[in-house]
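Heads up: the structure comes next, in structure tokens.
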Amino acid sequence: MESLSAAMAPSLLSTITIACSAASLAVAISPGFPYGSEKVRGVNLGGWLVLEPWITPSLFDNTGNSAIVDEYTFCQLQDRATAQSVLEAHWESWITESDFEAIAAAGLNHVRLPIGFWAFDVGPGEPYISGQLSYLQKAVNWASNHGLKVIVDLHGAPGSQNGFDNSGQRMDYPTWHSNSTNVARTDAIIKTIADMYKDNPSVVPIIAPLNEPAGFDGNDVLSVVKQYWRDSYGNIRYPYGSSQQSNTVVLIHDAFQPTSYWSGFLTTSDNNAQGVAMDTHIYQMFTDAGNAMSDEEHIQSACGQKSTLSGFDLWLIVGEWTPAMTDCAPYLNGRGIGSRYDGSYPGSTAVGSCTGLTGSATTFSSSYKSSLRRTWEAQVITFEAAATGWIQWTWKAENADEWTYQAGLNYGWIPQNPTSYEYPNICD
């Protein structure tokens, strides 16, 4: 696919000007879903158009190369024709229309679809293989067929916005924010996505311009992220130019900052911004302390999120969370990196064995499945009470059923109707 690098006009400065001038003309948005009055209930389609080793470990193990740890090295460190063939077979089979049918039948109304920048723009020296866009369009068509809404989520940016393998490239020091060309390329991609769906808000009501930028790395990242959110607002809400707005919602991520950090940002009191939502991701297993918590402590932590989430001044969606409460899933912390729970993660202290806590649900005890039901309900009840809704990570995985909505439905820890609770008073 032709690179977008030559199509960067209007410049970053003119983008900012459009955003600011348009904001003064903004009127109330009419999105394709009644956010704020009806709850978002959804699931992520993880591991499809952006590879993640823990979701599809076979794709990585079958390479026979332990240095292949993300999509970047998947494309770089093996025969290119082989990589392309494997990717194309994966795109064709991992998610199909039958998945959308099942998601709709489960009473959900949204899917969040991660996609990487390389689907739109592969620059010089970047090994990525493109071809994902036709599957993005298939997904939108399937969603339309089954009454689902799609959140198009840019999950990886040039230089990586967080260094996580799910950004496309695992690295110690992400470079997206420190290179203005990286940011400009990302702006151009968001303009392209906004243009693709500006006239289809009934199926694609939301665009998320970047997943999980590494705000934990300090103010140099956050200053770039905040400007990028403002530019994305202009690019998504005003794809026709400054005189006409779209009805597409802009879903910005909290960059791992508390909601209080973002108070007032891109609200009606901030240049009269309209149609902005905040995405926050809540996990309990990426610290030693989280893995050491008891089931009851996990539930108390989930219920305690109500006070944190309540009263925020934008629509607030918990865009990633899971009923799983350990990091036992192989490769969850990265290919070749172990688990805190069983002590195989560098520097961790073992809590116990991962046997029976990950893998196929056929190995799960009834008490463990009951625990998953309780942690699922505690979070859903909390997120529906305090936020605009929720989107579970993830729909399916090869060998980590404790994480997946699909397995939860099949094995009973997720109800067939997401509002049918066994423990309705769990947070009381």
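Below, each value reflects all heavy atoms present in this structure, side chains not excepted, and no hydrogens, waters or symmetry copies.
Judged purely by distance below 3.5 Å, without hydrogens or angles, the side chains of K198 and Y238 never pair a donor atom with an acceptor atom. Between the side chains of D342 and S353, no donor-acceptor pair of N or O atoms lies under 3.5 Å. Between the side chains of R41 and N109, no donor N or O sits under 3.5 Å from an acceptor N or O. No side-chain donor-acceptor contact under 3.5 Å links H177 and Q161. Side-chain contact annotation: D428 with Y423, donor-acceptor N/O pair under 3.5 Å absent. Residues N162 and R170 bring no donor and acceptor atom of their side chains to less than 3.5 Å of each other. A donor-acceptor pair shorter than 3.5 Å can be found between the side chains of T419 and N417. Side-chain contact annotation: H298 with Q284, donor-acceptor N/O pair under 3.5 Å present. In the model, E398 has a side-chain atom that pairs as donor or acceptor with a side-chain atom of S58 under 3.5 Å. Residues D99 and W395 have side chains that bring a donor and an acceptor to within less than 3.5 angstrom of each other. For the residue pair E384 and W390, a side-chain donor N or O sits within less than 3.5 Å of a side-chain acceptor on the partner. Under the 3.5 Å distance criterion, with hydrogens and angles disregarded, no donor-acceptor pair is assigned to the side chains of N410 and Q406. Side chains of E71 and W118: a donor-acceptor N/O pair is present below 3.5 angstrom, by distance only. For the residue pair D295 and S371, a side-chain donor N or O sits within less than 3.5 Å of a side-chain acceptor on the partner. E402 and T358 share a donor-acceptor pair across their side chains, judged by distance under 3.5 Å alone. No donor-acceptor contact under 3.5 angstrom links the side chains of E296 and Q300, judged on distance only. Under the 3.5 Å distance criterion, with hydrogens and angles disregarded, a donor-acceptor pair is assigned to the side chains of Q274 and N272.
Using a 4.5 Å heavy-atom threshold, the side chains of R112 and V43 count as separate. Two residues are said to be in side-chain contact when any heavy atoms from C-beta on lie closer than 4.5 Å; L136 and Y197 meet this criterion. The shortest distance between side-chain heavy atoms of I414 and L372 does not fall below 4.5 Å. Side chains of W176 and V224 form a contact here, defined as non-hydrogen atoms less than 4.5 Å apart. The closest side-chain heavy-atom distance from I207 to V250 is not below 4.5 Å. You'll find the side chain of L87 reaches within 4.5 Å of the side chain of L51, heavy atoms only. Contact check for S160 versus F164: no side-chain heavy atoms found under the 4.5 Å cut-off. In this structure, the side chains of L154 and T186 come closer than 4.5 Å at one or more pairs of heavy atoms.
Between the side chain of K369 and the backbone N or O of G412 there is no donor-acceptor pair closer than 3.5 Å. Formation of a donor-acceptor pair under 3.5 Å by the S178 side chain with backbone atoms of T175 is found in this model. Remark: side-chain polar atoms of S93 are paired, donor with acceptor, to backbone N or O of A89 under 3.5 angstrom. Side-chain N or O atoms of T375 include one that pairs as donor or acceptor with a backbone N or O of P323 at under 3.5 Å. Of the possible polar contacts, one joining the T287 side chain to the G290 backbone as a donor-acceptor pair under 3.5 Å is found. Here the side chain of D153 pairs no donor or acceptor atom with the backbone of L113 at under 3.5 angstrom. A donor-acceptor pair is defined here as one N or O able to donate and one able to accept, closer than 3.5 Å; no such pair exists between the side chain of S360 and the backbone of T363.
Here the two rings, on F60 and F74, have centers that are under 6.0 Å apart. The six-membered or imidazole ring of Y128 lies near that of Y72, with a centre-to-centre distance under 6.0 Å. Ring to ring, F117 and H155 are not that close: their centroids are 6.0 angstrom or more apart.
Annotation: cation-pi pair K396/W94 present, NZ/CZ under 6.0 Å from the ring centroid and within 45° of its normal.
Here R230 pairs with D270 in a salt bridge; the nearest charged N to carboxylate O distance falls below 4.0 Å. With respect to the salt-bridge test (charged N to carboxylate O, under 4.0 angstrom), the residues E52 and R335 do not qualify. By the 4.0 Å N-to-carboxylate-O rule, E97 lies too far from K138 to be salt-bridged with it. Salt bridge annotation for R340-D327: present, with a cationic side-chain nitrogen under 4.0 angstrom from a carboxylate oxygen. Under the 4.0 Å criterion applied to side-chain N and carboxylate O atoms, R185 and E126 are assigned as salt-bridge partners.
Below 30°, between 30° and 60°, or above 60°: for W91 and Y135 the angle between ring planes is between 30° and 60°, a tilted geometry. Ring pair Y35/W315 is tilted by interplanar angle, where 30° to 60° counts as tilted. Ring geometry for F383 against W321 counts as perpendicular: the plane angle is over 60°, on a 0 to 90° scale with 30° as the lower cut. Ring pair W54/W403 is tilted by interplanar angle, where 30° to 60° counts as tilted.
Between A387 and L316 the shortest heavy-atom distance is CB-O, 3.2 Å. The minimum heavy-atom distance between T394 and G46, with the atom names listed, is OG1-N, 3.0 Å. Taking all atoms of both residues into account, the shortest heavy-atom contact from Y233 to A273 is OH-CA, 3.4 Å.
Annotation: the span from I206 atom CD1 to K149 atom NZ amounts to 11.0 Å, rounded to 0.5 Å.
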Next on the checklist: With side-chain contact (heavy atoms from CB on, under 4.5 Å) as the criterion, how do K306 and C427 come out once you've worked through the C-alpha distance, each side chain's angles and the decisive distance to 0.1 Å?
Outcome noted: CA-CA 10 Å; K306 183 175 181 178; C427 288; over 6 Å; no
